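To start, the structure itself, in structure tokens.
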There are 2 protein chains.
Amino acid sequence: MKKKSEIPECIQKCGVEYAFKRIGGKYKGRILWHLGLQKVLRYGELSRTLPDITTKMLTQTLRELEDDKLIIRKMYHEVPPKVEYSLSDTGWELMPFIEHLHNWGKKQLETESVGPAAGS
Amino acid sequence: MKKKSEIPECIQKCGVEYAFKRIGGKYKGRILWHLGLQKVLRYGELSRTLPDITTKMLTQTLRELEDDKLIIRKMYHEVPPKVEYSLSDTGWELMPFIEHLHNWGKKQLETESVGPAAGS
DNA sequence: CGGAATCCACGGCGATACTG
DNA sequence: CAGTATCGCCGTGGATTCCG
């Protein structure tokens, strides 16, 4: 049995708690963000897009996202193997907010570091 | 001594990374959410609103949020002591995001509960 | 190519006790 | 009332190796 994000009943009322558990990991936001931008990405492409994520974490995070029905994993039984990841409908519902967050983050970065504001 | 792979600064400037670091803690989202609802809350009120947070974590999280200029700490030098927390302007900019996240989370909870009744 | 498996370091976080 | 301080667990995530 897979241990996916479990939610203590007493806190469910918040919804924020729940949402953060599903997208609040260290990398989930970025993965969702890039999937939202590129529509569909292969494992290797994700790995290259997010070079600081180890294969373990990438796989693990993708599994959790898939488990939570936020992304779709499409596997081709070929040689060489090929796996494509894309957002599910539920995942797409998050994009406006992640985009909002992205803009907010960029704005904060520029505001706080007047210096080397290397563009996104 | 092994050199820990440094993260090129050019990578995670996507803003999402930054934003998640700011609000991605275990409790930050909920604290911001409740501050957004109640406008202003005292330390004890926050503690009662979020009973599962220890004083240590509450204080620590509030400090980080204050450090990040997301909330404002207003202290009254009285006896007994009194401290009020509220959202800063920057913090308020996040509310649309958190609010929608809240709605999304609630919706997911409902969908999930009527969905696969795989009792856990 | 796209993982899975293992080992391990770190720090987030909880529990508890104390303070101004 | 509103914190601080200390100890320590354990989950998160990193590095590395192996597999279909």
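Computed from a predicted model, the values in this text were never measured in an experiment.
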*Pairs where residues 38-50 of chain A contributes a residue and the test salt bridge (charged side-chain N to carboxylate O under 4.0 Å, His left out) is met, not counting sequence neighbours*: none
_Basic-acidic side-chain contact under 4.0 Å: B:D52, B:K26_ = no
*State whether B:K106 and B:E110 are salt-bridged, where the test is any N-O pair (Lys NZ or Arg NE/NH1/NH2 against Asp/Glu carboxylate O) under 4.0 Å.*
no
For [X] and [N], what is the distance between atoms [atom1] and [atom2] respectively, to the nearest whole Å?
X	N	atom1	atom2	answer
A:L62	C:dC1	CG	C1'	14 Å
A:K74	C:dG2	NZ	C1'	17 Å
A:E45	C:dG2	CD	C1'	13 Å
B:L50	D:dG3	CG	C1'	16 Å

*Excluding sequence neighbours, so at least two apart, what forms ring-ring contact (aromatic ring centres under 6.0 Å, His included) with A:F97?*
B:H100
*Bend angle of the helix from C:dC1-D:dG20 to C:dG20-D:dC1 from five-pair axes at both ends, rounded to 10°?*
50°
*Reckon A:R73 has a side-chain N or O less than 4.0 Å from the OP1 or OP2 of C:dG2?*
no
With 3.5 Å as the limit, what N/O pairs link the protein to nucleotides 12-15 of chain C?
unit_1, atom_1, unit_2, atom_2, d
C:dC13, N4, B:K56, NZ, 3.0
C:dG14, OP1, B:Y27, OH, 2.1
C:dG14, OP2, B:Y27, OH, 3.2
C:dG14, O6, B:K56, NZ, 2.3

Let me check something: any side-chain donor-acceptor pairs from residues 88-96 of chain B under 3.5 Å, sequence neighbours excluded? List them with distances.
unit_1, atom_1, unit_2, atom_2, d
B:S88, OG, B:K69, O, 2.6
B:S88, OG, B:L70, O, 3.0
B:S88, OG, B:T90, N, 3.4
B:S88, OG, B:G91, N, 3.1
B:E93, OE1, A:K107, NZ, 3.0
B:E93, OE2, A:K107, NZ, 3.1

*Between D:dT16, D:dA2, D:dT4, which one does the side chain of B:T55 approach most closely?*
D:dT4
*Using heavy atoms and a sub-4.0 Å distance, could you list which residues of residues 77-87 of chain A are near DNA chain C? By number, please.*
A:P80, A:P81, A:K82, A:V83, A:Y85
